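Worksheet for the structure shown next.
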Amino acid sequence: MRIGELSTRTRTPMRLLRYYEEQELIEANRLPNGYRDYEEYVVDRVLQVRGLLDAGLPTRIIKQILPCLNTPRTIHMPYVTPDMVATLERERDRMAEKIECLTKNHQAMTDYLDAARRNIRAS
């Protein structure tokens, strides 16, 4: 698929897709006319990258954990260091805190909506 379709399907600006490619987070084949041609799996990859960015991970860390998002999970760690492991542990723990907060907020919103619906029906 061309970059415009990928942009539409992932709701990601084309400029950002080019940046992801520059950062080696996604890859495109090049057609003879120079246009980018993305395989179908890149749709999910872009959504995963966006989710990790939204969670606050920098692209340098995302690039390191991308192999964990693949199937089969072949993980190559030629440059793993204790500092990198510590950084990933901190990021994982920070994500867990965000998930807990979002879960509580989701439940609060659900409770509010349930009460609002009961109120509407009682009126």
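Everything quoted here is computed from the prediction, not taken from an experiment.
Looking at residues two or more places apart in sequence or on another chain, you find a salt bridge (charged side-chain N to carboxylate O under 4.0 Å, His left out) between Arg94 and Glu91.
The OG1 atom of Thr103 sits 8.5 Å away from atom NE2 of His106, with the distance rounded to the nearest 0.5 Å. Atom-to-atom distance recorded for Gln23:CD and Leu16:CG is 10.5 Å, nearest 0.5 angstrom. Taken from CG in Leu88 to CD in Gln64, the straight-line distance is 6.0 Å, to the nearest 0.5 Å. Considering CG of Asp44 and CD1 of Ile26, their distance stands at 12.5 Å, rounded to 0.5 Å.
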| task | Please report the C-alpha distance between Leu17 and Val46 in whole Å, then the side-chain angles of each, then the deciding distance to 0.1 Å, and finally whether the side chain to side chain contact (heavy atoms under 4.5 Å, CB included) criterion is met. | result | CA-CA 8 Å; Leu17 293 172; Val46 169; 3.7 Å; yes
| task | Verify side chain to side chain contact (heavy atoms under 4.5 Å, CB included) between Thr12 and Tyr20, making sure each step is shown before the conclusion. | result | CA-CA 11 Å; Thr12 304; Tyr20 292 172; 4.2 Å; yes
| request: Give the intermediate values and the outcome of side chain to side chain contact (heavy atoms under 4.5 Å, CB included) for residues Arg36 and Arg18. | output: CA-CA 10 Å; Arg36 289 171 172 84; Arg18 290 184 194 101; 3.7 Å; yes
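In the hydrophobic clustering, Leu113 connects to Met109, either directly or through intervening members, whenever side-chain heavy atoms lie under 4.5 Å apart. Tyr35 belongs to a hydrophobic cluster with Leu31, counting contacts under 4.5 Å between side-chain heavy atoms of Ile, Leu, Val, Met, Phe, Trp and Tyr, direct or through other members.
The cluster map of Ile, Leu, Val, Met, Phe, Trp and Tyr, joined by side-chain heavy atoms under 4.5 Å apart, puts Met84 and Met95 in the same cluster. Linking Ile, Leu, Val, Met, Phe, Trp and Tyr whenever their side-chain heavy atoms come within less than 4.5 Å leaves Ile99 and Leu57 in two separate clusters.
None of Thr110, Asp111, Asn105 except one satisfies the side chain to side chain donor-acceptor pair (under 3.5 Å) rule with Gln107; the exception is Asp111. Just one residue in the list Leu47, Ile62, Leu25 forms a side-chain contact (heavy atoms from CB on, under 4.5 Å) with Leu52, and that residue is Ile62.
Between Glu100 and Lys104 there is a salt bridge, with a side-chain nitrogen of the basic residue lying less than 4.0 Å from a carboxylate oxygen of the acidic one. For the pair Glu27 and Arg45, the salt-bridge criterion is not met [side-chain N within less than 4.0 Å of a carboxylate O]. Comment: Asp93 does not engage Arg90 in a salt bridge, judged by the lack of any side-chain N to carboxylate O separation of less than 4.0 angstrom.
When all heavy atoms of Tyr38 and Arg2 are compared, the pair lying nearest together is CD1-C, 4.2 Å. The nearest pair of heavy atoms linking Lys98 to Ala55 is NZ-O, 3.1 Å. Taking both residues in full, the closest heavy atoms of Arg50 and Thr10 are given as NH1-O, 3.4 Å, listed atom of the first, atom of the second, then distance. Closest approach of Met1 to Glu40, counting heavy atoms only: CE-OE1, 3.7 Å.
Other residues, nucleotides and ligands contribute over 12 non-hydrogen atoms within 6.0 Å of the CZ atom of Arg30.
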